[in-house]
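The next block holds one structure in the form of structure tokens; read it before the comments.
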Number of protein chains: 2
Amino acid sequence: MEERIERIKQQLYAHNYKLTPQREATVRVILENEEDHLSAEDVYLLLKEKSPEIGLATVYRTLELLHELKVIHKINFGDGVARYDLNAEGADRFHHHLVCVQCGTVDEILEDLLGDVEKKVEKTFNFKINDHRLVFHGICYRCKDEE
Amino acid sequence: MEERIERIKQQLYAHNYKLTPQREATVRVILENEEDHLSAEDVYLLLKEKSPEIGLATVYRTLELLHELKVIHKINFGDGVARYDLNAEGADRFHHHLVCVQCGTVDEILEDLLGDVEKKVEKTFNFKINDHRLVFHGICYRCKDEE
DNA sequence: TTGGTTGCAAACTGTTTGCAGCCAT
DNA sequence: ATGGCTGCAAACAGTTTGCAACCAA
């Protein structure tokens, strides 16, 4: 936890940004809810519990900043709300997601399944891939078992 | 063209909806711009050229309707705007996209590259896949060749 | 004459921006 | 005292909704 914050602090400083108390609080909320897919509003509400004076605009600005520095990824599951997701440290590709159309749960696939597919795409389409977004829609194991 | 409209008409009728002049005009705009990824606003502006009296709300309602009937797919490339895309007739999976981070062009991959990956995911995660979204971000062949 | 459909305007939601004040350097 | 950062409120963009009018069955 503390080491991860320290590392993010370095990334900020490397780009002449500071780790202000508001930014640190935001980062902590994201780290503490790593398995969730929080929207800016979600982060804001969680933050308010401990730092009631923080403004929503600051949250948006911080998330945008962290996104620019590639500390977090921005993803949209189709409900019109931007969500933010930490990627594994050192991973050069974003992980995949399983969205259950029944209960709405979003699970993660941390293993990269697209290595071969990307090779084929780069070759066939002469396209240099930087990153990808892969989301599966379907029925999760919980909902399946319930039936 | 006409056969495709006829088929969409059937799908509407099958669900007790009508193919009104506004709906037909909307469908035509989408068919005529099949290779593009139009937003509701884009469709609206194209429609206005030939049917100036149409309302934006009707366009939204029609697109939503076509989306429900799975005639068109809704996709968001990260700019916060919903875009609509026809899928190949008979295809049970949505096609893939290549988004150029330099010029913004969106190209399509019509071939389904995820057959094996899906099998693996269904087995490993006990997840019944209905559909997927796969987008690659990178540099397109046009921008690469320009350098 | 009933119920689906439409156009308009207003409402709503998520996000961005202008600005005055604040704080660390 | 300079420049980055913040909170607030207002602005903004995309989308949805309420409603009266319309029109085909």
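Remark on DNA chain C: of its neighbouring residues A:Ser39 and B:Leu65, the 5'-side contact belongs to B:Leu65, judged by nearest-heavy-atom nucleotide. Comparing B:Tyr84 and B:Arg61 along DNA chain D, the residue whose closest nucleotide (by nearest heavy atom) sits nearer the 5' end is B:Tyr84. Between A:Tyr44 and B:Gly80, the one whose closest nucleotide on DNA chain D sits nearer the 5' end is A:Tyr44.
For A:Ile54, the side-chain atoms get nearest to D:dG7 when compared with the rest of D:dG7, D:dC5, C:dT15. Closest to the side chain of A:Ala82, out of C:dG7, C:dT15, D:dC8, is C:dT15. For B:Lys18, whose side chain is taken as the heavy atoms from C-beta onward, the closest listed nucleotide among C:dT17, D:dG14, C:dT5 is C:dT5. Across D:dT15, D:dG7, C:dG14, the shortest atom-to-atom separation from the side chain of A:Val81 is found for C:dG14. The side chain of A:Thr58 has D:dT6 as its nearest neighbour among D:dT6, C:dG14, C:dG7. Here the nucleotide nearest the side chain of B:Tyr60, chosen from D:dT15, C:dG14, D:dT17, is D:dT15. Among the nucleotides D:dC5, C:dT6, C:dG7, the one closest to the side chain of A:Thr20 is D:dC5.
No side-chain donor from either of B:Tyr13 and B:Lys9 sits under 3.5 Å from a side-chain acceptor of the other. Looking at A:His96 and A:Glu108, their side chains never bring a donor and an acceptor atom within 3.5 Å of each other.
Remark: the backbone N or O of A:His37 is paired with a side-chain donor or acceptor of A:Arg83 at under 3.5 angstrom.
Using a 4.0 Å heavy-atom cutoff across all strands shown, B:Glu64 reaches no nucleic acid atom at all. Among the protein residues, B:Glu41 comes within range of no part of the nucleic acid, since none of its heavy atoms lies under 4.0 Å from any strand.
With respect to the salt-bridge test (charged N to carboxylate O, under 4.0 angstrom), the residues A:Glu24 and A:Lys18 do not qualify. Salt bridge present: B:Glu2 and B:Arg28 bring a charged side-chain N and a carboxylate O closer than 4.0 Å.
The interatomic distance linking B:Leu63 (CG) with C:dT6 (P) rounds to 12 Å, in whole Å. Rounded to whole Å, the distance from OH on B:Tyr13 to C1' on C:dT5 is 13 Å. As rounded to whole Å, 14 Å separates atom P of D:dA24 from atom CZ of B:Arg23. Spacing between atom CG of A:Asn16 and atom P of C:dT25 amounts to 14 Å, rounded to whole angstrom units. For the pair A:Leu19 CG and D:dT6 P, the interatomic distance rounds to 10 Å; values are reported in whole Å. Per the geometry, CG belonging to A:Leu47 stands 12 Å off P belonging to D:dT6, to the nearest Å. Distance A:Leu12 CG to C:dA24 C1': 16 Å, rounded to the nearest Å. Computed from coordinates, the B:Leu56 CG to C:dA11 C1' distance equals 14 Å when rounded to whole Å.
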